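For reference, the structure is listed below as C-alpha cells.
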Amino acid sequence: MQPATPLVLCVLLSQVLLLTSAEDLDCTPGFQQKVFHIDQPAEFIEDQAILNLTFSDCKGNDKLHYEVSSPYFRVNTDGSLVALRNITAVGKTLFVHARTPHAEDMAELVIVGGKDIQGSLQDIFKFARTSPVPRQKRSIVVSPILIPENQRQPFPRDVGKVVDSDRPEGSKFRLTGKGVDQEPKGIFRINENTGSVSVTRNLDRETIATYQLFVETIDVNGRTLEGPVPLEVIVIDQNDNRPIFREGPYIGHVMEGSPTGTTVMRMTAFDADDPATDNALLRYNIRQQTPDKPSPNMFYIDPEKGDIVTVVSPALLDRETLENPKYELIIEAQDMAGLDVGLTGTATATIMIDDKNDHSPKFTKKEFQATVEEGAMGVIVNLTVEDKDDPTTGAWRAAYTIINGNPGQSFEIHTNPQTNEGMLSVVKPLDYEISAFHTLLIKVENEDPLVPDVSYGSSSTATVHITVLDVNESPVFYPDPMMVTKQENISVGSVLLTVNATDPDSLQRQTIRYSVYKDPAGWLNINPINGTVDTTALLDRESPFVHNSVYTALFLATDSGNPPATGTGTLLITLEDVNDNAPFIYPTVAEVCDDAKNLSVVILGATDKDLHPNTDPFKFEIHKQTVPDKVWKISKINNTHALVSLLQNLNKANYHLPIMVTDSGKPPMTNITDLRVQVCSCKNSKVDCNAAGAPHFSAATALLLSLFNLACL
C-alpha cells in the first residue's frame, strides 16, 4: 500500500476539521448522563464492571482523569466503573469527577438500598485544581460549567448539576448572580429539587465570557441553610468572528531601487474570538496585486507578523520605468492559523514607490538666444530642461545659477515652479553703446542632492547669447540736480548758469534743444540752443514757492531722434537773504483797567521774514509822543519783546498808540503800527469796556484836528 501523499493528508485533515467544527457547535462538555441509579448488590465483585460512564470535553478527551469519592472504586479509561476489591457496604451515593485540561464535570451514582457511611465524601477531589473546590463540612458540591457559545435550539437545555448529599428533606436549591436575577436576567436557572442547571438561550462569548453564579440551599421559608457556593459558567469560544482590519487606510512607501527584503509596512487585523484559541490565530497572505507588472509578485507578506517586504531586485523597483509607481495589494487575514476552515477578512494596502534623485536635469539644447532692447528690464528667455524624476519632489525641481558672463550683476535667473524652466531676466538696464552682446554660461542642478552613483554632466550647462538692440535714449543732464546760489532781488535778466545735457547715443549724430518744464514762480528763462538760464523777474526768498531758501525748477532736453527722446534735469537755486522786509509787532490790541494799580498794559513781540542778521535785536519806540501828552512808556525786555505801560491811570476810552519797530539790517528797515489800547471799567470782578468805544487821541492829535476843521469852514 502506497503511503498517503501530503495533499491527501491535507484533504483528510480538512474534512476531519470540518466534521469536528460542526460537531463542536452541538457538543456540551461533561458527562452525557449525570445521575445513575443502581441497586445495592449483595457484594460488589472486584474488577467487575458496575456501569459505563460517558464523558466528553469536546476536544478529544486528551489527558482525561477520573476521581471516585470512594477509595474502593475506580473508573477505567473506557469509562467502566469497577470495584478494587470485593466490598458489601459503600453508602447511599458515589460521586465520580472527570476532568481534562479543557473541561470537568461530576456524575452521581445513587445506590438504591445502600446504607449511610460517615465521611464518605471526605476523599472527594483530593487533587490540585484551580476551579472552585468543595470545602470540608460543606455538602453542596459544584463544578464549573462549560457551555459552547452559539448553541442551537431547543432551549432550555441542561448544562450541569449541583449535588448536596446532606440536603434536608423539603429544602430547595436557589441560584443567584449575573445571568439569573441580575442583568442580563433569566439566562440560567436551577431545578430547585434536583439541582440541574439549565441555560435558556444561546450565549455569546464576545459579549460575556464567564458568569459568576452562586448556589445555596434554602428551607421552605426561604432561609439559607447552606451556601452560597460559587458556580462559574465558562462560555466556550466558537469561531464566529471574522478578522477585521481596523486601522486603515493602509499606505506604505518604499524608495525606488531598495534592496530585496526591504520592509514597506505592517498590516495587522483584529479577531474578536478567544485569543487563546486558534479561532483568533491569524495568518496573512496577498490575494491580489495591481498592477501586476513588471512582476506579479513584487511584494511578500509575513504570514504571522503581517510585514510587507519587497521581493524583486532593486532594478525592477525603478520608478521611472514603472507603468504606475503606485501598487494596490488585497491583503487577506484568515483565522484558524490559515486553515481552509478559517474565516477571512480583507483590506487594501497602497504602496507608493518613492522617487530618489537618480536622474540629473538636462538642458533641452546647448545654446539659447535672446534679444533685449537697451534700457529694458524683465524676463528675456525661458531655459527648458528635462528631468525624469518625480515632478512633485526636490529631485525634479531645478535650481539655476549663472556661472560666467555676469560681472555687473545685470542678469538674474529664477525657476518657474510650474514648468521648471529657468526664467532669465535683466535686472539692470543694458547699454548698447557699452556692449551690444552678452554671453552667459548657466548651470542647472536639483534642489535635492543626487544619489552617489549619479553626477551632473555637460548637459547640465548651457550657453545663452544675448543681443542688445539700440534705442533712442533720452539726453542726460549733468550734473543732476544742478545747483546755484544767488542773492534774492538780483536784477531781471541776470544769468544764473548754463545747463549741460548729453545724448547717450554716442554713435548717432543728434542735436539737443532745451526748454522750461516747471517754473512755479515764473522767474526763469532758458536758451533752447545753448542752455543758458537767466531771470525774468525778481527772485524773492520769502516767496511761498521757496522752501528753506531753495527754489526748484525743472528743464527738458530733447534730442532730434525719430521719435525724439526727452530727458529731465533739476535746478536748485539757493537764495541768499537781503533785508527787504520790515519787522511787524504783535499783538495790536490790548486792554487795561481804568483804576489798575499795575500800570503795565501789554508785552509786544516783533518778527521779521528775513534771516539773521537782518532781524533782531529789534528797537521798539513810541512814535511822535509830545511832552505834555507823555502818559505812555515802552521798555525793552529782550531782543524781540518790549513792555508797554502807563504813567498814570486814564479814563475809559480807546487809545491808538503808534509803535515804531526797527530791525538790525544794514540798512535797517522800520515799521510803524498802531496799538489799540482799550481802557475799561473793572468793578466787582466785572470788566466793562462798552464806554471805551469812542476813540481817544492824544492832545497834539486833537489840536491838529481842530485846526483842520477851522480851515474847512
Side-chain angles (χ1 to χ4, degrees), residues 16-39 48-70 73-83 93-112 124-125 127 129 131-132 134 141-165 173 175 187-191 193-203 205 211 213 215 231-238:
V16 171
L17 289 170
L18 285 170
L19 291 172
T20 303
S21 177
E23 292 173 356
D24 286 349
L25 292 174
D26 294 325
C27 179
T28 302
F31 285 105
Q32 302 305 304
Q33 181 178 344
K34 300 183 184 296
V35 180
F36 299 86
H37 292 79
I38 60 174
D39 294 328
Q48 180 178 326
I50 302 170
L51 55 85
N52 286 319
L53 302 168
T54 302
F55 174 86
S56 175
D57 65 354
C58 302
K59 297 289 186 179
N61 284 351
D62 184 37
K63 298 181 181 180
L64 175 60
H65 181 72
Y66 293 98
E67 293 285 342
V68 184
S69 59
S70 170
F73 295 87
R74 74 166 181 232
V75 179
N76 293 327
T77 55
D78 60 358
S80 60
L81 176 67
V82 298
T93 306
L94 289 179
F95 296 96
V96 178
H97 183 271
R99 70 181 178 93
T100 70
H102 303 287
E104 59 180 324
D105 200 3
M106 181 90 69
E108 179 182 5
L109 282 69
V110 179
I111 302 174
V112 180
I124 295 178
F125 309 143
F127 50 86
R129 49 181 289 183
S131 300
V141 179
V142 296
S143 295
I145 297 175
L146 287 77
I147 307 174
E149 64 173 335
N150 304 324
Q151 287 183 314
R152 300 191 183 99
Q153 294 282 358
F155 291 103
R157 65 166 66 189
D158 291 342
V159 292
K161 186 174 184 180
V162 177
V163 177
D164 188 350
S165 59
F173 290 102
L175 188 65
I187 296 178
F188 303 99
R189 62 191 183 191
I190 191 170
N191 187 307
N193 295 317
T194 65
S196 293
V197 178
S198 59
V199 63
T200 62
R201 58 178 181 264
N202 63 356
L203 304 179
R205 189 204 69 86
Y211 296 85
L213 309 181
V215 180
L231 169 61
E232 185 178 25
V233 178
I234 301 173
V235 183
I236 300 174
D237 185 43
Q238 302 295 325

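Note that the structure is a prediction, hence the values are computed from the model and not measured.
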Task: Value rounded to 0.5 Å, distance of NE2 in His65 from CD in Glu104 - done: 11.5 Å

Task: Residue pair Pro29 / His102, side-chain heavy-atom distance below 4.5 Å - done: no

TODO: Sequence neighbours left out, what passes salt bridge (charged side-chain N to carboxylate O under 4.0 Å, His left out) with Asp57? Give chain and number order.
DONE: none

TODO: Answer yes or no: is there a donor N or O on one side and an acceptor on the other, between the side chain of Arg205 and the main chain of Pro148, under 3.5 Å?
DONE: no

Open item on the list: Pair Val112, Ile38 - check side chain to side chain contact (heavy atoms under 4.5 Å, CB included), show working.
Closed with: CA-CA 6 Å; Val112 180; Ile38 60 174; over 6 Å; no

- [ ] Output the distance between atom CD (Glu67) and atom CZ (Arg99), rounded to the nearest 0.5 Å.
- [x] 7.5 Å

Open item on the list: Tell me the closest heavy-atom pair linking Phe73 and Ile50, and the distance in Å.
Closed with: CE2-CD1, 3.4 Å

Open item on the list: Assess the residue pair Val141 and Asp164 against the criterion (side chain to side chain contact (heavy atoms under 4.5 Å, CB included)); give the C-alpha distance rounded to whole Å, side-chain angles, the decisive distance to 0.1 Å, and a yes or no.
Closed with: CA-CA 6 Å; Val141 179; Asp164 188 350; over 6 Å; no

Open item on the list: Using side-chain heavy atoms (C-beta onward) and a distance below 4.5 Å, is Ile234 in contact with Glu232?
Closed with: yes

TODO: I would like to know whether Ser198 and Arg157 meet side chain to side chain contact (heavy atoms under 4.5 Å, CB included); could you show each step before the answer?
DONE: CA-CA 5 Å; Ser198 59; Arg157 65 166 66 189; 6.0 Å; no

TODO: Check whether any side-chain heavy atom of Val162 lies under 4.5 Å from a side-chain heavy atom of Ile190, and answer yes or no.
DONE: yes

Open item on the list: Between Glu108 and Lys161 (salt bridge meaning N to carboxylate O under 4.0 Å), is one present in this structure?
Closed with: yes

Task: Close side-chain approach of Ile111 and Leu94, heavy atoms under 4.5 Å - done: yes

Open item on the list: How long is the straight-line distance from CD of Gln32 back to CG of Asp105, given to the nearest 0.5 Å?
Closed with: 9.5 Å

Task: Candidates Val82, Val96, Leu81 - the one meeting side chain to side chain contact (heavy atoms under 4.5 Å, CB included) with Arg74 - done: Val82

TODO: Locate the shortest heavy-atom distance separating Tyr211 from Leu203; write the atom from each residue and the value.
DONE: OH-CD2, 4.1 Å

Open item on the list: Quick check: closest heavy atoms across Gly160 and Lys34, and the distance to 0.1 Å?
Closed with: CA-CE, 3.8 Å

- [ ] Work out which heavy atom in Ala98 is nearest to a heavy atom in Phe31; give both atom names and the distance.
- [x] CB-CZ, 3.4 Å

TODO: Please report the closest heavy-atom contact between Thr194 and Phe173, naming both atoms and the distance.
DONE: C-CE1, 4.0 Å

Task: Heavy-atom check, side chain of Ile145 versus side chain of Leu231, under 4.5 Å - done: yes

- [ ] Output yes when a side-chain donor or acceptor of Thr200 lies under 3.5 Å from a complementary backbone atom of Ile187, and no otherwise.
- [x] yes

Open item on the list: Working note: Glu149 + Asn202, criterion side chain to side chain contact (heavy atoms under 4.5 Å, CB included); need CA distance, chi angles, decisive distance, verdict.
Closed with: CA-CA 6 Å; Glu149 64 173 335; Asn202 63 356; over 6 Å; no

Open item on the list: Please check this pair: side chain of Asn61 against backbone of Phe55, looking for a donor-acceptor N/O pair closer than 3.5 Å.
Closed with: yes

Task: Any donor-acceptor pair under 3.5 Å from Asn76 side chain to Gly79 backbone - done: no

TODO: Please name all residues satisfying salt bridge (charged side-chain N to carboxylate O under 4.0 Å, His left out) with Arg189, sequence neighbours left out, ordered by chain then number.
DONE: none

Task: Minimum heavy-atom distance between Phe188 and Val199, given as atom pair plus value - done: CE2-CG2, 4.0 Å

